[in-house]
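Since the structure comes first, as structure tokens, the remarks are kept for the end.
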Amino acid sequence: MEQDRRAFLALGAGMLAAPALSAPARALAATPAAADPIANMIVINALGGFDDPNDRSGDAAKGKEGPSPLILKPRVLADARASGQTAVNITIGYVSGKKEPFQQSVADVASWDRLIRENPRDLIKILTAADIRRAKAEGRMGLILGFQNAAMMGDDASRVDIFADLGVRIVQLTYNPANQLGDGSMAPENRGITPFGREVIERLNANRVMVDLSHSGQRTCLEAARASKQPISINHTGCRAVTDVPRNKTDEELRLVADRGGFVGIYFMPFLNPTGHARAEDVVAHIDHAVNVCGEDHVGIGTDGGTTPIDDLKAYEADLAKEIAERRAAGISATGERPDTYPFVVDLRGQDQFRKLAGLLRQKGYSTARIEKILGLNFVRYAEEIWAGETRT
């Protein structure tokens, strides 16, 4: 009770000092808590984005290889705000492609910093766990800058210092293929972490940046988790014991991450069902399995998607087939990606995806306290440990 009282007082103090809210934020603030089951919860999407799936021309703000300059469409921002998420880890920088990884990644940080400056009533850059609580108190949405490939480190681990100083708070070591740090989940050799990868991990630890093992191969994940002096995360994954595909993590990987104090986020992706057609019930099944393996204090969500729904699924399917073909040609696709599988859960998308998930977990028998942990508090706990004492600006 005392903890709840302090949280309430802190929230009230933050609101007194809050800047004027934008229209989406005012609408959320005016919604009675009883009408919104997650209104009083901190909701963290450990991997999300601001794609507009209805605009296939490529001029929307994208976390991966979006054009320059990036823009943030009013609808996409409004949808993200209306979803009730407090903060989201957005993928910036190099993931794959022909651009020079270091240059692209530095430019992306600058572009996202500009977007945050242009939307000060709606957005706040997250550097510490305290910033997440501040975002909630002020009715703004926090953006956590993260990488989904560490290829931009080149052969110089000191580049970690540069990106930490620029405010990158999460670095995923590999994407699906191998890179100079280790093997991704689709690298058939499963060779594990490299000596350079160990250097980068040491530098990430020194800079108090999260080490993310999503997309990593099994040996890379296990070896990196043991090499890190700080707990690591797997921000968006599924459970291989439930659905046996390479992008999902084994119980050994999940348990090691949890035992060392880390965080596991379950995604809303086709890899949650053997058919590739995942449903909301599959998300719940994977969350439930992860909780049983890791404990309720180490599991959260990292949807790997945005909050703007697709208006015309048929039109989207044609573009999806092209995108899958391009990913295969580039050698970055994963087992389970097919032209007939959506890169999202069809009945758990749009503005109400987190509210619906909360309801489904409640139907599963999860208590409110456990639901709050999964929707966000477990990530906040993890962030407090990794980013503790962080003063970078």
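As a basis for the values below, the full set of heavy atoms in this structure was taken, side chains included, without hydrogen atoms, waters or symmetry mates.
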Please examine the side chains of [Y] and [X], heavy atoms only from C-beta on, and report whether any two atoms are closer than 4.5 Å.
{"X": "Val109", "Y": "Val168", "answer": "yes"}
{"X": "Cys221", "Y": "Ile234", "answer": "yes"}
{"X": "Met141", "Y": "Leu123", "answer": "yes"}
{"X": "Phe263", "Y": "Val257", "answer": "no"}
{"X": "Ser185", "Y": "Thr335", "answer": "no"}
{"X": "Phe163", "Y": "Arg203", "answer": "no"}
{"X": "Arg349", "Y": "Val345", "answer": "no"}
{"X": "Met153", "Y": "Phe196", "answer": "yes"}

Taking atom types as modelled and ignoring hydrogens, do the side chains of Thr308 and Asp51 form a donor-acceptor contact shorter than 3.5 angstrom?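 No, no side-chain donor-acceptor contact under 3.5 Å.
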Could you tell me whether the side chains of His298 and Asp259 share a donor-acceptor contact shorter than 3.5 Å?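 Asp259 and His298 do not have a side-chain donor-acceptor pair below 3.5 Å.
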Give, for atom [atom1] of [X] and atom [atom2] of [Y], the distance between the pair rounded to the nearest 0.5 Å.
{"X": "Arg219", "Y": "Glu253", "atom1": "CZ", "atom2": "CD", "value": "12.5 Å"}
{"X": "Arg134", "Y": "Thr86", "atom1": "CZ", "atom2": "OG1", "value": "14.5 Å"}
{"X": "Leu222", "Y": "Leu256", "atom1": "CG", "atom2": "CG", "value": "6.0 Å"}
{"X": "Asp282", "Y": "Met269", "atom1": "CG", "atom2": "CE", "value": "13.5 Å"}
{"X": "Gln85", "Y": "Ile301", "atom1": "CD", "atom2": "CD1", "value": "8.5 Å"}
{"X": "Asp55", "Y": "Asp311", "atom1": "CG", "atom2": "CG", "value": "11.0 Å"}

List the atom of [X], the atom of [Y], and the distance in Å for their closest heavy-atom pair.
{"X": "Val76", "Y": "Asp52", "value": "CG2-CB, 3.6 Å"}
{"X": "Asn273", "Y": "Ala278", "value": "CB-CA, 3.9 Å"}
{"X": "Leu213", "Y": "Ala224", "value": "CD1-CB, 3.7 Å"}
{"X": "Gln353", "Y": "Gly306", "value": "NE2-O, 3.2 Å"}
{"X": "Tyr382", "Y": "Gly261", "value": "CD1-O, 3.9 Å"}
{"X": "Gly49", "Y": "Ile90", "value": "CA-CG2, 4.3 Å"}

Return yes if some donor-acceptor pair links the side-chain N/O of [X] with the main-chain N/O of [Y] below 3.5 Å, else return no.
{"X": "Tyr267", "Y": "Leu47", "value": "no"}
{"X": "Asn45", "Y": "Val88", "value": "no"}
{"X": "Thr341", "Y": "Glu337", "value": "no"}
{"X": "Ser105", "Y": "Gly93", "value": "no"}
{"X": "Lys125", "Y": "Trp112", "value": "no"}
{"X": "Thr237", "Y": "Arg247", "value": "yes"}
{"X": "Arg169", "Y": "Leu145", "value": "no"}
{"X": "Asp108", "Y": "Ile92", "value": "no"}
{"X": "Ser228", "Y": "Ala225", "value": "no"}
{"X": "Arg208", "Y": "Trp387", "value": "no"}

- Message: Quick one, Asn54 with Asp312, criterion side-chain hydrogen bond (donor to acceptor under 3.5 Å, both in side chains). Give me CA distance, side-chain angles, the key distance, then yes/no.
- Response: CA-CA 8 Å; Asn54 303 296; Asp312 186 342; over 6 Å; no
Are Val242 and Leu357 joined in one hydrophobic group, where the rule is that I, L, V, M, F, W and Y side chains link up if heavy atoms are under 4.5 Å apart?
->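 In one cluster: no.
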Cluster check Met186, Tyr175: I/L/V/M/F/W/Y, side chain < 4.5 angstrom:
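No; Tyr175 is not reachable from Met186 via cluster members.
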Stepwise side-chain contact (heavy atoms from CB on, under 4.5 Å) check, Val211 with Leu173:
CA-CA 7 Å; Val211 178; Leu173 298 189; 4.2 Å; yes
Counting only heavy atoms not in Glu296, do more than 12 fall under 6.0 Å of its CD?
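More than 12 heavy atoms, drawn from other residues, nucleotides or ligands, come within 6.0 Å of this atom.
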Going through the checks in order, is the side-chain contact (heavy atoms from CB on, under 4.5 Å) test met by Val291 and Ile287?
CA-CA 6 Å; Val291 168; Ile287 289 175; 4.3 Å; yes
- Full working for side-chain hydrogen bond (donor to acceptor under 3.5 Å, both in side chains) between Asp183 and Thr174: CA-CA 7 Å; Asp183 278 12; Thr174 72; over 6 Å; no
Requested in this report: Would you please test Tyr366 and Asp288 for side-chain hydrogen bond (donor to acceptor under 3.5 Å, both in side chains) and show each step?
Outcome: CA-CA 10 Å; Tyr366 281 32; Asp288 198 51; 2.5 Å; yes
Item to check | Ion pair Arg75/Asp79, N-O distance below 4.0 Å | outcome: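 A salt bridge links Arg75 with Asp79.
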(request) For the pair Arg381 and Asp297, find out whether any cationic side-chain nitrogen is under 4.0 Å from an anionic carboxylate oxygen. (result)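 No, Arg381 and Asp297 are not salt-bridged.
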Inset, instruction - Specify whether Phe344 and Tyr316 have parallel, tilted or perpendicular ring planes, treating 30° as the upper limit for parallel and 60° as the lower limit for perpendicular. - result: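 Phe344 vs Tyr316 ring planes: tilted.
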After noting the C-alpha distance and the side-chain angles of Ile162 and Phe102, does the key distance pass the side-chain contact (heavy atoms from CB on, under 4.5 Å) rule?
-> CA-CA 11 Å; Ile162 296 172; Phe102 181 77; 4.2 Å; yes
request  = Using the side-chain contact (heavy atoms from CB on, under 4.5 Å) rule, take Lys364 and Arg370 through it: C-alpha gap first, then chi angles, then the decisive distance, then the call.
outcome  = CA-CA 11 Å; Lys364 183 75 175 176; Arg370 177 177 279 193; over 6 Å; no
**OP:** Kindly state whether the ring of Tyr342 and the ring of Phe268 have centres lying under 6.0 angstrom apart.
**Re:**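 Distance test on ring centres: not under 6.0 Å, no.
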